[in-house]
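The shown structure was predicted, so the numbers you read here are calculated from the model rather than taken from an experiment. Ligands are counted one by one from 1 in listed order, and the atoms in each one are counted from 1 as well. Scope of the values below: all heavy atoms of this structure, side chains included, with no hydrogens, waters or symmetry mates.
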Amino acid sequence: STVALYITFTLLVTNWRMHYRHEMNAQESKANSFAVDGMLNYETVKYFTNEKYELKQYDDTLDQWEGAAVKSQVSMSLLNFGQGAVIAVGVTLMMIYAAQGVVDGNMTLGDLVLVNTMMLQLFIPLNFLGIIYRALKYALADMDMMLKLLDTKRTVKDKDDAKALNVTDAVVRFDNISFDYSNDRKILNGVSFEIPHGNKVAVVGPSGAGKSTLARLLFRFYDVDSGSISIGQQNISEVSQASLRDNIGIVPQDTVLFNHSIEHNI
Ligand SMILES: Nc1ncnc2c1ncn2[C@@H]1O[C@H](COP(=O)(O)OP(=O)(O)O)[C@@H](O)[C@H]1O
Ligand SMILES: [Mg+2]
């Protein structure tokens, strides 16, 4: 019954305290993203003198992380204490029984030593198993996010037999395309136009009208919901994304510099 109690206690408490570990991981990645965001966009933060605000967001998240970390540590001590207590009480009871047996004369001193040694042989590996089980659960909790990420389905996928885009006559055609980022708001509704080879076309419209979206669709960051986009008679959803993007040059809206040499940036 000691062994059964030990195992039940270990399983129950380890599972119960796992959510502190999940909480810790979640707060840690939240804090990291606040820190990285704040530092990447430091100019924006400074324009609006929001250093304190950013700092507070970061600090609050760290506070929550700290809370979860302390709870995790306390519950681990509780687990270790409980495991120790179960073993100590179990061994003590058995030794008392054995000693009683020796006093009553139905056990020899040798039997007493046997019981004691057997207990030690049994509980040392058992304790070890408890530690390994805990480490396993911890590792699984830490990998949880990554495993979920691996399960994510890609929305824009190359067809199995996708060919490379072969541009001879660079006519870009948007044929009656419709697109939305989320079902509740249509961004593009039946848009058609053609850019003949060697021509310039400007798309003019209010902010949020979907101009940049046209470029994103041309690059196939998203697939259109209906209609088709083609370059030189080839539907871009039929060709490989790498070949498509290799063939298009872009001057981005925001000029981003990598924190590296000019050569690397080029
Ligand atoms: N990743 C996105 N998820 C959801 N909505 C988006 C996303 N990107 C843009 N939008 C929305 O789509 C609309 C068109 O955006 P965009 O093409 O960037 O406009 P603009 O014409 O100013 O370049 C905007 O209303 C914008 O809020
Ligand atoms: Mg835009």
Between the side chains of T213 and Y222, is a donor N or O closer than 3.5 angstrom to an acceptor N or O?
->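 Side-chain D/A pair, T213 to Y222: absent.
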
Using non-hydrogen atoms of the residue, decide whether Y222 is closer than 4.0 angstrom to ligand 1.
-> yes

Close approach, G205 and ligand 1, non-hydrogen under 4.0 angstrom =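 No; G205 lies far enough from ligand 1 that no heavy-atom distance drops under 4.0 Å.
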
Indicate the atoms forming the closest heavy-atom contact of [X] with [Y], along with that distance.
X	Y	answer
Y58	A35	CE1-CB, 3.7 Å
L218	I231	CD1-CD1, 4.2 Å
S243	L165	OG-N, 2.8 Å

List ligand 1 atoms under 4.0 Å from [X], heavy atoms only on the residue side.
X	result
R185	11 (C), 24 (C), 25 (O), 26 (C), 27 (O)
T213	14 (C), 15 (O), 16 (P), 17 (O)
R216	8 (N), 9 (C), 18 (O)
G210	14 (C), 16 (P), 17 (O), 19 (O), 20 (P), 21 (O)

Determine which pairs satisfy side chain to side chain donor-acceptor pair (under 3.5 Å) with at least one residue from residues 253-266, sequence neighbours left out, and list them in order.
-> S212-Q253

Taking only Lys NZ, Arg NE, NH1 and NH2, and the carboxylate oxygens of Asp or Glu, determine whether D142 and R21 approach each other closer than 4.0 Å.
->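 So D142 pairs with R21 through a salt bridge.
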
Please assess K159 against E238 for the test salt bridge (charged side-chain N to carboxylate O under 4.0 Å, His left out), listing each intermediate value before the final yes or no.
-> CA-CA 7 Å; K159 290 229 165 84; E238 307 282 337; 3.2 Å; yes

Heavy atom of the protein closest to atom 21 (O) of ligand 1 (residue, atom name, distance) |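 Ranking protein heavy atoms by distance from atom 21 (O) of ligand 1, first comes K211 N, 2.7 Å.
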
Identify the protein heavy atom lying closest to atom 14 (C) of ligand 1, giving its residue, its atom name and the separation to 0.1 Å.
->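 Residue, atom and distance for the closest contact: G208 O, 3.4 Å.
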
With sequence neighbours excluded, what pairs up with A85 under the side-chain contact (heavy atoms from CB on, under 4.5 Å) test?
-> none

V89: which other cluster members, linking ILVMFWY side chains closer than 4.5 Å, directly or transitively?
->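 Other cluster members: L93.
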
Nearest non-hydrogen atom to atom 7 (C) of ligand 1 belongs to which of Y181, F179, F221?
-> Y181

Just the protein N/O/S atoms under 2.8 Å from the Mg ion (ligand 2), please, no waters.
-> S212 OG, Q253 NE2

Does an N or O from I187, backbone or side chain, lie closer than 3.5 Å to an N or O of ligand 1?
->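 In fact, backbone or side chain, I187 has no N or O that close.
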
Does S212, backbone or side chain, put an N or O under 3.5 Å from an N or O of ligand 1?
-> yes

Assess R173 against F193: is NZ or CZ under 6.0 Å from the centre of the six-membered ring, and within 45 degrees of the ring's axis?
->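 Here R173 fails the 6.0 Å and 45° test against F193.
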
Go through the steps to decide whether R245 and R220 satisfy the test side chain to side chain contact (heavy atoms under 4.5 Å, CB included), and finish with yes or no.
-> CA-CA 8 Å; R245 291 173 197 159; R220 248 188 108 201; 4.3 Å; yes

